[in-house]
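Here is the structure we will look at, set down as structure tokens.
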Amino acid sequence: MRRIVLSILTLFTLSYLNAQFDAQLSQYMFNHAAFNPAAVGESNMLDVSGQHRLQWIGMPNGGSTTVFNINTPFTIAGKKHGVGINFVNDQVGQFVNQIVHFQYAYQFKIGKGTLNVGPQIGFASIGFRGDSVRGPQVAIGDYHDIQSDQVIPTSLMEGLGFDLGVGAWYKLRSFYVGASYTHLNQPVIEWSDQHEFTPASNLYVTSGFTKALNNPKYNLKPSVLIKSDFVILQVDMSVILDYNEQYWGGLSYRWGDAVVFLAGINIGNGLSIGYSFDLPASQMIRASWSSHEVMLSYQLNVKAGDSSQRKKYKSIRIL
């Protein structure tokens with residue numbers, strides 16, 4: 001089944017366009033709840049994850065992203081649930097996006113696997129730094145003057161909107177597949193009587209599995225993430241080699257955009273740290289030669305519904 005799903009996902013790469021939308025993360029495989037609310041509680045542990053990304057170093061207004069997520073499973077009347085909260089602070093160009101979501105997932109048993117479904121409900125604060133807009137340093141013709149364009153704000157504009165999303169997550173042993181849809185209601189962010197902004201809805205599809213190698217200390221963990229607003233498409237294909245559930249390293253390719261190098265270590269007692277380096281594989285390398293991302297994660301085995309069995313978890317989780 002995992003081969004069929006991954007093959008279907010890979011077919012999406014045959015026709016592609018590239019762009020950055022929502023918060024972009026290279027280490028997406030370590031924090032699924034950052035883009036899929038149904039992934040909360042799926043590790044059966046209290047999971048605290050933080051990621052900070054510096055985009056396109058050396059390019060003015062290249063951007064930075066900070067994502068923080070905390071989620072945990074719990075059991076009520078024998079039924080398993082997950083709940084979490086996700087914060088995003090994303091700055092790219094003149095845009096400043098600050099988003100908070102409350103996430104929930106309900107777990108069903110389907111055959112030998114489990115299916116989680118759930119929503120995320122929250123608010124999106126989106127701003128535009130119009131006072132930082134600068135016109136071109138060279139003449140581009142007399143048909144348009146960017147400085148006098150009334151469509152472009154000339155001051156800092158901010159607005160708040162109610163934001164919804166939904167997701168589904170299926171797991172069968174070491175295989176998983178998930179899909180989510182963000183900005184479901186396409187909130188209208190009103191900046192003024194003349195200015196407003198509507199973030200596009202985005203579809204996320206991800207899948208991956210763990211393959212044990214001949215040496216039991218080594219595990220191969222391929223994954224794929226597809227993002228689309230049905231106008232553009234972005235595909236990340238990754239593979240990580242894990243040694244003794246303590247060290248990992250790998251490669252990722254963001255189609256037509258960048259080659260990503262990943263590495264990390266499980267420090268112990270559920271605490272792990274990861275790092276990724278993006279090397280542009282497009283003309284972007286002329287303006288910026290790298291992006292950097294740091295991930296910090298802590299997991300505690302809460303044994304949902306049974307406090308007598310709580311203990312610290314001594315191994316990282318990479319699905």
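Nothing fancy with the numbering, it's 1 onward along the sequence. Just the heavy atoms: all of them, side chains too, but no hydrogens, waters or symmetry mates, feed the values below.
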> With a 4.5 Å limit on heavy-atom distance, are the side chains of His292 and Arg53 in contact?
Replying inline: no

> Can the ring centres of Trp248 and Tyr218 be said to be less than 6.0 Å apart?
Replying inline: no

>> Around atom OH of Tyr275, are there more than 12 heavy atoms from other residues, nucleotides or ligands closer than 6.0 Å?
In response: yes

> Is any side-chain heavy atom of Lys79 closer than 4.5 Å to a side-chain heavy atom of Tyr106?
Replying inline: yes

>> With heavy-atom distances below 4.5 Å as the criterion, would you say the side chains of Pro119 and Pro37 are in contact?
In response: no

> Just wondering, do Val235 and Met237 contact through their side chains at under 4.5 Å, heavy atoms?
Replying inline: yes

> If you take all heavy atoms of Ala23 and Asp90, which pair is closest and at what distance?
Replying inline: CA-OD2, 4.0 Å

>> Side chains of Ser174 and Thr210 only: does a donor on one sit below 3.5 Å from an acceptor on the other?
In response: no

>> With no hydrogens and no angle check, just 3.5 Å: does a side-chain donor-acceptor pair link Tyr298 and Asn269?
In response: no

> Is there side-chain contact between Ile85 and His101, with at least one heavy-atom pair below 4.5 Å?
Replying inline: no

>> For the CH2 atom of Trp191 and the CD atom of Glu158, what is their distance to the nearest 0.5 Å?
In response: 10.0 Å

>> Let's go through Phe277 and Val260 carefully: what are the C-alpha distance in whole Å and the side-chain angles of both, what is the deciding distance for side-chain contact (heavy atoms from CB on, under 4.5 Å) to 0.1 Å, and is it a yes or a no?
In response: CA-CA 6 Å; Phe277 172 86; Val260 183; over 6 Å; no

>> Between Glu42 and His32, is there a side-chain heavy-atom distance shorter than 4.5 Å?
In response: yes

>> Classify the ring geometry of Trp169 against Tyr176: parallel below 30°, tilted from 30° to 60°, perpendicular beyond 60°.
In response: parallel

>> One pair to check against side-chain contact (heavy atoms from CB on, under 4.5 Å): Met29 and Ile240. What are the steps and the verdict?
In response: CA-CA 10 Å; Met29 68 290 292; Ile240 288 177; 3.9 Å; yes

> Can Asn266 and Gln246 be counted as having a side-chain donor-acceptor contact under 3.5 angstrom?
Replying inline: no

> Going through the checks in order, is the side-chain contact (heavy atoms from CB on, under 4.5 Å) test met by Gln91 and Arg129?
Replying inline: CA-CA 10 Å; Gln91 301 183 39; Arg129 297 182 298 222; 3.4 Å; yes

>> Apply side-chain contact (heavy atoms from CB on, under 4.5 Å) to residues Leu184 and Val166 and explain how you reach the verdict.
In response: CA-CA 8 Å; Leu184 177 66; Val166 294; 4.1 Å; yes

>> Can you confirm whether the side chains of His183 and Asp22 place a donor and an acceptor under 3.5 Å from each other?
In response: yes

>> Distance check, rounded to the nearest 0.5 Å: Asn31 atom CG versus Ser297 atom OG?
In response: 8.0 Å

> Is there a donor in the side chain of Ser26 and an acceptor in the side chain of Asp278, or the other way round, less than 3.5 Å apart?
Replying inline: yes

>> Are Phe123 and Ile99 packed together at the side-chain level, in the sense that at least one heavy-atom pair is separated by less than 4.5 angstrom?
In response: no

>> Return the CG to OG distance between Leu262 and Ser252, rounded to the nearest 0.5 Å.
In response: 6.0 Å

> Looking at OG of Ser228 and CG of Asn202, how far apart are the two atoms once the value is rounded to the nearest 0.5 Å?
Replying inline: 7.5 Å

> Any side-chain donor paired with an acceptor under 3.5 Å for Gln103 and Asn69?
Replying inline: yes

> Counting N and O atoms only, with roles assigned by atom type, does the side chain of Asn71 sit under 3.5 Å from a partner on the main chain of Gly41, one being a donor and the other an acceptor?
Replying inline: yes

> With distance as the sole criterion, is a donor-acceptor pair present between the side chains of Glu293 and Gln55 under 3.5 Å?
Replying inline: no

> Between Gln27 and Gln51, is any side-chain donor less than 3.5 angstrom from a side-chain acceptor?
Replying inline: no

> With a 3.5 Å cut-off and no angle check, do the side chains of Ser238 and Tyr253 form a donor-acceptor pair?
Replying inline: no

> Is the shortest heavy-atom distance from the side chain of Leu25 to the side chain of Phe35 under 4.5 Å?
Replying inline: no

> Do the side-chain N and O atoms of Thr114 and Asn116 include a donor-acceptor pair separated by under 3.5 angstrom?
Replying inline: no

>> Can you tell me how the ring of Phe128 sits relative to the ring of Phe95, calling it parallel under 30°, perpendicular over 60° and tilted otherwise?
In response: perpendicular

> For the residue pair Phe230 and Tyr181, does the interplanar ring angle fall in the parallel (under 30°), tilted (30 to 60°) or perpendicular (over 60°) class?
Replying inline: tilted

